[in-house]
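One structure below.
Just so we're clear, the structure is a prediction, and the values are computed from it rather than from any experiment. Just follow the structure's listing: the first ligand is 1, and inside any ligand the first atom is 1.
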Amino acid sequence: MADPTSQSNYITIATRHLSLEWTLDFLTRTIRGTAVYELEVKGNEVAEVILDTAGLVIDSVHVDGSSVEFSFGTKHTVMGSALHIPILRPAIKGGCVKLAIKYETTTNCTALQWLDKEQTQGGKFPFLFSQCQPIYARSLVPIQDTPSVKFTYDARVTAVLPVLMSAILISPDSTGFPHDGRKIGHDKVTYVFRQSVPIPSYLLAIASGNLRYRPFPVPKGKDWTSGVWAEEELVDAAEWEFKEDTTKFLEAEEKIMVPYRFGVYDLLVLPPSFPYGGMENACVTFITPTLLTGDRALVNVVVHEITHSWFGNGVTHADACHFWLNEGWTTYIERLLQQILHTPAHRSFSFLIGSKRLYDDLKLYESRPAYQRLQIAFGRGENPDDAYSGVPYEKGANFLLHIERTLGGIDVFLPYIKNYVQTFMGKSITTQEWKDHLYAYYCEHGTRDSVEALDSIDWNAWLHGEGLTLPVPAEYDMTLARQSNVLADRWDKARTSTNLHELFNASDLQKLDANQIIVFLQRLQSYTALPKSHVDFLGSTYSFSTTPNAEIRLRFYQVALLDPQSDAAREYAVDAAAWVVGQETSKGIVKGRMKFCRPIFRALYAVDAKLALETYQRHKLAFHPIARNLIEKVRNNGACVAVSTIEHGRGWL
Ligand code: BES
Ligand code: ZN
């Protein structure tokens, strides 16, 4: 089965190498340049190359040195426009075709967000960054936009601000930023990159801004380097936040899997409109600035992205239907490391936090049960972003945990994990290939019991089951949640009390870390909404209404807005609206991470639709195009409703 999200003919001819020559123009907000491709012919009598494009202007196309007439297929709203390129001499299997395309991006480029200088930390220079996963690389460059194709690339990018790509920076030297004698933001510099490990298109990435680098100390004997990039004003805080953990976790992962293959593992802190917590772009993970909490509480996001170096960037899902192989495995391993570097209770605790996300997301998809499945049977042209949720992460990780436990525990499972990674490193695979290998491994290396154990698993229920529960309810160690639950129960019992200041004070939180506070707030959401007086006291006594930790602030607003009809909801809707668009401080820093802005807009919409719409309309351009698309869909008891005041008549989610 071909990738349902791509119109390219990658099965008969596949990209092996890409050379980019780009100029970034911050004034017109376009990238101009050429892309040169080396393609391997895999079928017989291949007469054309079909590439995915979206909103690109193509100037000219050359095939093996000769100019050719190209054409576009009918534009598809999700998949874009297929670019048809004839091959003059029909190529034979095993042959190589060389293409050169001169083109430019347009302002309709979904992958890119161009930010004004006011939308950055420093406020002095503009910023550009990309987000290609899942299907936006095609708006950056004509490409076979499917994770089933992997290619190496090199790039020469000319710009007036420092540039990073998902590749190794060959020149100029990162420690020399900003380049001596050149005026940053004014003089052009050409940056040269090389990615010599084949990657799927969704890992193509670029960023440009007033960036600086801080290297992390690397353990002895390693053939990789690691460090952090951020705007000048943030780089010291970023260095502090991540310098302890990044290399420690990389090293721990190498011990259980195989050595890190990409040579460089850097982090790049993006402006606040970055729509994700982290994105595992090759050689440089992009992260949201909301991770900079000053207490290293959110490094698990970095651990998650590091883990993708093996699961996703190494062993890749064949297409969107098998996306859970990337995120489920990554989440499972991220939590296994918690157990190895901390305690089994820490691992359980992460699963517990995740179980709330799983339940909430399964509930959101009650009217789209096809998206409650682990393996999703996408139809041609369906948008994988519509199905993006905690399901592949949480159901996937629980599935792997269930298999681990069924087989007899982590000691029996670890050698298999290593073998899985070794077997499929560099390849793109389906769920069936994963399962076949699992069986083959335990047939060869397990006992008779292990195959019986595998046979006892309800594969159909896990992979294709729908509904709000896991096929086998998970049991987690609750040790670390106990205090959070006790405190939440005290609040619940005090709902009619008027002497709150005698019952609660700031020291209640003294022994709780940030994650335990999150569990406390999540548990409060499972009770009937608290009265406004209690929400007020909760917010002020524990500083939840002003905390800079966005994870905690989000949960506080979810508690406050729990009952859309309540006084508390009406009052805190105003605060939540101001927070999400960054109006509570003078900075105008939006909470562009979709994990924050989508639930806030959803809750706001339920409490005060007018406020939600007005707030969004006023600040719409501050959000990334991908976030805009998803915020503009609303689900009302499951039915997608169009909201007439939204441009283009789209709904909201
Ligand atoms: N690869 C994902 C982000 C992604 C997925 C972008 C699908 C576009 C389409 C990344 O690794 C991720 O999972 N990020 C999470 C981190 C969290 C689970 C620790 C996020 O951003 O919330
Ligand atoms: Zn991930």
Seminar exercise, completed: So the atoms of ligand 1 within less than 4.0 Å of a heavy atom of Arg593 turn out to be 20 (C), 22 (O)
Exercise. Can you list the ligand 1 atoms lying under 4.0 Å from a non-hydrogen atom of Glu305?
Worked result: 10 (C), 11 (O), 12 (C), 14 (N), 16 (C)
For this session: Determine the interplanar angle of the Phe323 and His317 rings, folded into 0 to 90°, and report it as parallel if under 30°, tilted if 30 to 60°, perpendicular if over 60°.
Result: perpendicular
Problem set entry | Distance-only polar pair, side chains of Thr330 and Glu327, donor-acceptor under 3.5 Å | no
Exercise. Has ligand 1 got any nitrogen or oxygen that is less than 3.5 angstrom from a nitrogen or oxygen of Phe323?
Worked result: no
Exercise. Between Trp310 and Arg261, is there a cation-pi geometry (under 6.0 Å to ring centre, at most 45° from the normal)?
Worked result: no
For this session: Look at the rings of Phe520 and Phe544 and say which category their plane angle falls in: under 30° parallel, 30 to 60° tilted, over 60° perpendicular.
Result: tilted
Exercise. Does an N or O anywhere in Gln133 fall below 3.5 Å from an N or O of ligand 1?
Worked result: yes
Exercise. Would you say the side-chain atoms of Arg628 pair up with the backbone N or O of Phe623, donor to acceptor, closer than 3.5 Å?
Worked result: yes
For this session: Measure up the Tyr388 and Tyr276 rings against each other and bin them: parallel (under 30°), tilted (30 to 60°), perpendicular (over 60°).
Result: perpendicular
For this session: Just jot down the ligand 1 atoms closer than 4.0 angstrom to any heavy atom of Gln131, in number order.
Result: 6 (C), 8 (C)
Problem set entry | Residues Arg335, Glu394: salt bridge by 4.0 Å N-O rule | yes
Problem set entry | CA sep, side-chain torsions, deciding dist, call: Trp434, Phe399, ring pair (Phe, Tyr, Trp, His ring centres under 6.0 Å) | CA-CA 13 Å; Trp434 159 76; Phe399 186 25; 5.7 Å; yes
Problem set entry | Short N or O distance, Gly277 and ligand 1, threshold 3.5 Å exclusive | yes
Exercise. Within less than 2.8 Å of the Zn ion (ligand 2), any N, O or S from Glu327?
Worked result: yes
Exercise. Atom 10 (C) of ligand 1: which protein heavy atom is closest, and how many Å away?
Worked result: Gly278 O, 3.2 Å
Problem set entry | Ionic contact status for Asp245 with Lys248, cut-off 4.0 Å | yes
Seminar exercise, completed: With heavy atoms and a 4.0 Å threshold, my read on which part of Lys595 contacts ligand 1 is neither
For this session: Any atoms of ligand 1 less than 4.0 Å from a non-hydrogen atom of His308? List them with their elements.
Result: 11 (O)
Exercise. Where does Glu280 meet ligand 1, judged by heavy-atom distances below 4.0 Å: at the side chain, the backbone, both, or neither?
Worked result: side chain
Problem set entry | SB check Glu251 Lys255 (cutoff 4.0 Å) | no
Exercise. What about Tyr393: any of its N or O atoms under 3.5 Å from an N or O on ligand 1?
Worked result: yes
Exercise. Given atoms NE2 of His304 and NE2 of His308, what angle do they subtend at the Zn ion (ligand 2), to the nearest 10 degrees?
Worked result: 100°
For this session: Could you list the atoms of ligand 1 found under 4.0 angstrom from a heavy atom of Tyr388?
Result: 5 (C), 7 (C)
Seminar exercise, completed: Of all protein heavy atoms, the one nearest atom 2 (C) of ligand 1 is Glu327 OE2, 3.3 Å
